[in-house]
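First up is the structure itself, then whatever we jot down about it.
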Amino acid sequence: HGITTDDSHAGVVAVDIDREEREKIHLSPFVAGIQAWVDAIMSAHLQVPRIDPKLPVSLSMSGINLLREQWFDGLIVTDDLGMLRADYAEKEAIELALLAGNDLLLLVNPSDPEALLTHTLELVREWVITMEDLDRRLDRILRAKNKIIKLGRYVPLELIQ
């Protein structure tokens with residue numbers, strides 16, 4: 001989170017820094033990780049007004065596009081969307097997170113999983129989220145999965161159960 005002292009688990013946290021400071025100081029460890037080996041990044045529920053004056057980065061098309069265009073073409077997963085319940089309904093958070101470009105959405109303890117899944121499918125049926133977009137996301141997921149399998153960095157299911 002860089003310079004913030006607030007806890008984003010309790011809601012959206014504001015960070016107002018300029019681009020130069022953000023890139024040279026706060027993002028440099030993440031960029032180094034991306035260049036070295038990182039296959040997935042978790043988008044944070046940070047409000048960065050110079051990136052998006054209204055939405056946290058995790059729900060912002062501007063924020064996710066900036067990450068994709070400048071640094072990273074791997075998996076982007078949201079932090080727990082439930083952390084945003086004070087500011088966004090679950091359906092709204094899901095829709096915004098998908099529109100922003102996140103590949104995987106994390107929602108711990110959803111209020112009504114079946115209704116949320118139905119809502120997500122409606123977004124596809126109504127072309128709010130296109131099949132082409134879903135295909136790009138699936139491609140990133142499968143590339144990450146294949147890399148994990150190839151490198152042997154997975155835990156067999158029988159060891160989990």
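All residue numbers in this chain count up from 1 along the given sequence.
- The structure places CG of Leu107 at 8.0 Å from OG1 of Thr78, a figure rounded to the nearest 0.5 Å.
- Residues Leu138 and Leu117 do not share a hydrophobic cluster, defined by chaining ILVMFWY side chains whose heavy atoms lie under 4.5 Å apart.
- Here the side chains of Leu106 and Met42 are in contact, with some heavy-atom distance below 4.5 Å.
- Annotation: the span from Leu121 atom CG to Glu126 atom CD amounts to 11.0 Å, rounded to 0.5 Å.
- The hydrophobic cluster containing Tyr88 does not contain Val108, counting ILVMFWY residues as joined when their side-chain heavy atoms lie under 4.5 angstrom apart, directly or transitively.
- A salt bridge links Arg136 and Asp133; the closest N-O separation between the charged side-chain nitrogens and carboxylate oxygens is under 4.0 Å.
- Residues Asp73 and Arg143 have side chains in contact (heavy-atom distance under 4.5 Å, counting atoms from C-beta outward).
- Atom CG of residue Asn146 and atom CD1 of residue Ile141 lie 12.0 Å apart, to the nearest 0.5 angstrom.
- At a threshold of 4.5 Å between side-chain heavy atoms, the hydrophobic network of Ile, Leu, Val, Met, Phe, Trp and Tyr places Met131 and Ile129 in one connected group.
- Under the salt bridge (charged side-chain N to carboxylate O under 4.0 Å, His left out) criterion, no residue pair touches residues 111-121, with sequence neighbours excluded.
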Scan the side chains in residues 92-105 for donor-acceptor partners under 3.5 Å anywhere in the protein, sequence neighbours excluded, and list what turns up.
from, atom 1, to, atom 2, distance (Å)
Asn102, OD1, Ser43, OG, 2.9
Asn102, ND2, Ser58, O, 2.8
Asn102, ND2, Ala97, O, 2.9
Asp103, OD1, Arg68, NH2, 3.2
Asp103, OD1, Arg140, NE, 2.9
Asp103, OD1, Arg140, NH2, 2.7
Asp103, OD2, Arg68, NH2, 2.6
Asp103, OD2, Ile76, N, 2.9
Asp103, OD2, Arg140, NE, 3.1

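- The nearest pair of heavy atoms linking Asp52 to Gln47 is O-NE2, 2.7 Å.
- Leu81 and Leu75 fall into different hydrophobic clusters, where Ile, Leu, Val, Met, Phe, Trp and Tyr side chains are chained together by heavy-atom contacts under 4.5 Å.
- Both Leu55 and Leu84 are members of a single hydrophobic cluster when ILVMFWY side chains are connected at heavy-atom separations under 4.5 Å.
- Remark: Thr130 OG1 to Asp135 CG distance equals 8.0 Å, nearest 0.5 Å.
- Interatomic distance, Phe72 CZ to Leu66 CG, rounded to the nearest 0.5 Å: 14.0 Å.
- In this structure, Lys91 NZ and His119 NE2 are separated by 6.5 Å, a value rounded to the nearest 0.5 Å.
- The backbone N or O of Leu116 lies less than 3.5 Å from no partner atom in the side chain of Glu90, so there is not a single donor-acceptor pair.
- Applying the side chain to side chain contact (heavy atoms under 4.5 Å, CB included) criterion to Asp39, with sequence neighbours excluded, gives Lys147.
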